[in-house]
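Quantities reported herein were computed from a predicted structural model and do not represent experimental measurements. The figures here come from the full heavy-atom set of this structure, side chains too, leaving out hydrogens, waters and symmetry mates.
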Amino acid sequence: MSVRPMLPPLEESFGDDPAVVRNAGTEDYAMHVVPKTWRSGRWSMAMAWYALASAMAWLLTAGVAAIQVGPRDALLGAALSVIAYSVLCSAMATYASRTGTNVNLFSRMLFGLRGGAIATLVLFMIATFYATFEGSVVAHAFHVKFGGPPLWFWYLIVVVYSVPLAIGGVRRWLDKFNGGLLPVYVVGLGTAVGRTIAVKGYRPGWLDAEQGVARLNGPGWLYSFALYMGVWVLMMFAGDLARYAKVEDLTFHRWFTFGPVFHGFTLFVNALVGIFLAEQLVDSRLTELSAVDGILALMGIWAVVFIWVTQTRINTANYYVASSNLANLGGHLIKRSVPRWAWVVVLGVLVYVLMLQDLLSKLQVALEYSAIITVAWVGVVVAYMVWAKARGVEPEEIEYRPGRVPSVNWSGLTAWTAGTVVGVVLLNAGGATGGTWYAPATFIVAFLTYALALLFGPGAQFILERPYDPRHEVADAWLSRIRCHVCSRSYTAQEMDRDPSSDHRPICCECAASSRSFLEAANREAADAERVGTTVKCQLAMRIFVFFLNRTPQVHDMMEGWRKSLQFNLEGERPFHIMVDGGKARVLGSSASSPDVVFEAPARLFLQMMLDTALADEAYINKKYEVHGAPSDATRFRVLGERVQEHHPVIFGSLKKLGPVVLRVS
């Protein structure tokens with residue numbers, strides 16, 4: 001067994017670092033995990049997210065779908081999208097809240113440290129495009145109603161007032177701003193419908209309009225559903241914003257904020273209004289600004305107020321997400337800290353330049369290609385979440401720390417690329433079939449490719465196994481704050497690592513990602529650990545056992561109040577340990593800092609004992625393996641194993657019969 005070096009002590013504290021809190025007012029932990037002390041209340045979080053409900057894009061999408069496939073199929077596609085969006089956004093919000101990570105950090109688990117930066121780049125580009133689109137709508141409304149200066153002047157006005165609104169963070173400003181404007185949007189939407197009926201009259205057959213002229217190879221509702229898949233970037237937005245949600249509020253958020261209440265209003269109610277306005281107000285070909293022009297003609301100055309409210313609300317979210325991801329990208333390129341407010345200013349300049357390029361005319365093309373890229377990303381994410389759920393891997397166990405994920409996870413990038421390529425080919429060369437199925441096919445290919453990599457690829461979670469993890473050296477990794485030896489600021493232990501290039505002193509996520517010496521030393525340390533332990537068969541077997549242990553009510557009395565860490569040092573296998581706390585057990589693929597019990601044995605023998613517990617007594621008497629720690633704890637763990645096997649005889653009986661086969665290939 002290797003000798004553990006003398007590690008420098010952790011400078012531990014239990015309150016937020018004042019310097020970190022000052023920065024968080026505008027930085028919002030852009031390159032760090034959000035601690036639980038910086039989470040927003042349930043209504044604050046909801047109001048920040050509900051900014052996305054007021055996009056003109058929702059009205060336009062429904063109108064386009066209705067003209068192409070008819071109102072009823074358009075609404076059916078919207079209704080199915082409510083279900084899909086609710087499930088996916090709720091899942092993404094759960095991971096974001098429980099881990100405190102944004103899309104950049106979360107994507108490192110799937111694509112590697114550098115590969116995850118691609119997801120950050122994609123989200124930055126799409127959020128920037130939406131900021132440009134929504135801002136252009138406001139400028140167009142100002143220009144139509146007030147005339148006067150040319151359009152470039154109104155573009156400038158919109159950018160100048162948008163930048164200061166986006167500098168404030170989610171917790172300090174955006175929630176209050178969007179909450180205050182929400183009633184204006186709701187009243188404005190109702191007024192637009194009421195005014196339309198008063199002026200144009202009510203045509204009762206508007207839902208029975210003839211089906212459109214879209215070339216399809218499938219049902220019309222599928223075309224509508226695929227059209228809404230073009231805005232699946234909302235799942236990425238959920239990942240960036242939901243990390244400020246409190247874990248104890250997740251049930252509320254899964255239903256109200258990121259679930260069916262929000263999406264029922266945002267997708268279905270807006271679809272009804274969008275289709276109604278398209279049928280009543282648009283007499284010529286539908287364009288990107290048809291709904292805007294129709295409302296302006298109908299409501300005059302009140303239409304300008306309504307459009308300003310709707311687009312400014314959503315643009316606070318667009319600017320926030322784009323600037324946060326731009327800051328993360330900048331962190332990879334500029335080896336010094338640049339405040340997020342500076343990136344907001346840079347973003348404002350970029351948005352203004354893009355406004356001058358008339359991106360509104362390219363809306364459909366942009367939506368199609370952004371759909372392909374984001375749907376492929378979602379496919380990879382869902383594959384991981386399903387795999388993790390089946391394996392009993394909790395969200396808190398995802399690895400995103402530099403030096404503990406590979407530089408590039410080629411399996412994840414291959415899955416993302418495969419889905420994207422299939423989508424692009426179908427869209428451009430698939431004719432009616434491709435135009436109908438390109439988005440669903442993108443998701444299916446990305447999902448299956450990464451699912452196969454997780455099931456059969458080496459390394460399963462694609463992480464670097466390294467010793468000396470600060471998460472396991474403290475009593476509570478979320479409560480403890482550890483001082484970084486590089487920036488001298490204290491961050492939650494959940495994101496901290498030890499720096500093998502500097503005597504294993506603690507280092508934070510941001511400093512680790514920008515330190516070449518740290519990354520090189522961490523890779524060497526992981527390579528050394530790989531040479532020591534080359535298999536994970538016992539760990540996989542233990543994960544199966546723990547899965548059933550947590551689902552066996554008959555052993556809950558033995559688990560309750562038993563807080564222990566059980567370390568497994570098995571010759572020929574990577575070290576791992578089991579943490580028992582709160583009546584639940586979980587397997588962690590690393591060494592425990594201060595284990596209560598340590599099991600030492602050859603991996604093959606230990607696997608034999610797991611498959612046939614009758615061998616354990618004989619092996620222990622003949623000193624074929626050793627147990628260090630309190631005998632009572634070791635005995636309790638064994639009794640737990642026996643009880644679980646007794647209560648699941650079919651599963652463990654089958655595994656026992658397969659034991660000889662497993663051992664022959666181990």
Side-chain angles (χ1 to χ4, degrees), residues 52-86 88 130 133 137 189 192-193 196 203 205-234 263-295 310 360-372 374-375 423 426-427 430-443:
L52 297 166
S54 59
M56 281 292 171
W58 303 122
L59 301 178
L60 182 63
T61 299
V64 168
I67 287 178
Q68 295 296 322
V69 299
R72 293 192 180 278
D73 274 341
L75 284 176
L76 180 55
L80 293 172
S81 294
V82 170
I83 299 172
Y85 273 73
S86 297
L88 295 174
Y130 278 111
F133 170 69
V137 169
L189 203 63
V193 173
T196 300
R203 286 184 279 176
W206 62 277
L207 276 177
D208 299 316
E210 294 184 4
Q211 182 170 330
V213 294
R215 292 177 60 241
L216 303 176
N217 190 5
W221 60 260
L222 179 62
Y223 175 90
S224 175
F225 182 82
L227 203 62
Y228 278 99
M229 290 180 80
V231 202
W232 271 23
V233 71
L234 216 63
H263 292 107
F265 176 77
T266 301
L267 301 183
F268 195 77
V269 174
N270 274 331
L272 281 171
V273 174
I275 292 171
F276 178 78
L277 294 179
E279 292 286 336
Q280 302 289 327
L281 298 179
V282 181
D283 297 321
S284 57
R285 187 179 71 87
L286 193 71
T287 70
E288 293 79 11
L289 293 171
S290 292
V292 176
D293 290 336
I295 293 173
T310 60
L360 284 176
S361 62
K362 304 173 181 65
L363 175 63
Q364 182 176 353
V365 174
L367 285 176
E368 288 171 343
Y369 284 95
S370 68
I372 292 170
T374 55
V375 166
L426 283 176
L427 179 64
T433 300
T436 307
W437 290 94
Y438 75 93
T442 297
F443 176 82

Roughly how far, to the nearest 0.5 Å, is the CG atom of Leu267 from the CG atom of Leu272?
11.5 Å
Show the atom names and distances, to 0.1 Å, of all donor-acceptor pairs under 3.5 Å that link a side chain in residues 74-85 to residues at least two apart or in another chain.
{"from": "Ser81", "atom 1": "OG", "to": "Gly77", "atom 2": "O", "distance (Å)": "2.8"}
{"from": "Tyr85", "atom 1": "OH", "to": "Tyr228", "atom 2": "O", "distance (Å)": "2.4"}
{"from": "Tyr85", "atom 1": "OH", "to": "Val231", "atom 2": "O", "distance (Å)": "3.3"}

Is there a side-chain contact between Leu222 and Pro440 in this structure, where contact means two heavy atoms from C-beta onward sitting under 4.5 Å apart?
yes
Looking only at non-hydrogen atoms, find the nearest pair between Ile275 and Ala62 and report the distance.
CG1-O, 3.5 Å
Residues two or more places apart in sequence or in another chain: which of them pass side chain to side chain contact (heavy atoms under 4.5 Å, CB included) with Leu426?
Val422, Tyr438, Ala441
May I ask you to test the Tyr223-Asp73 pair for a side-chain heavy-atom distance under 4.5 Å?
no
Please tell me if the side chains of Thr442 and Met229 come closer than 4.5 Å, counting only heavy atoms from C-beta onward.
no
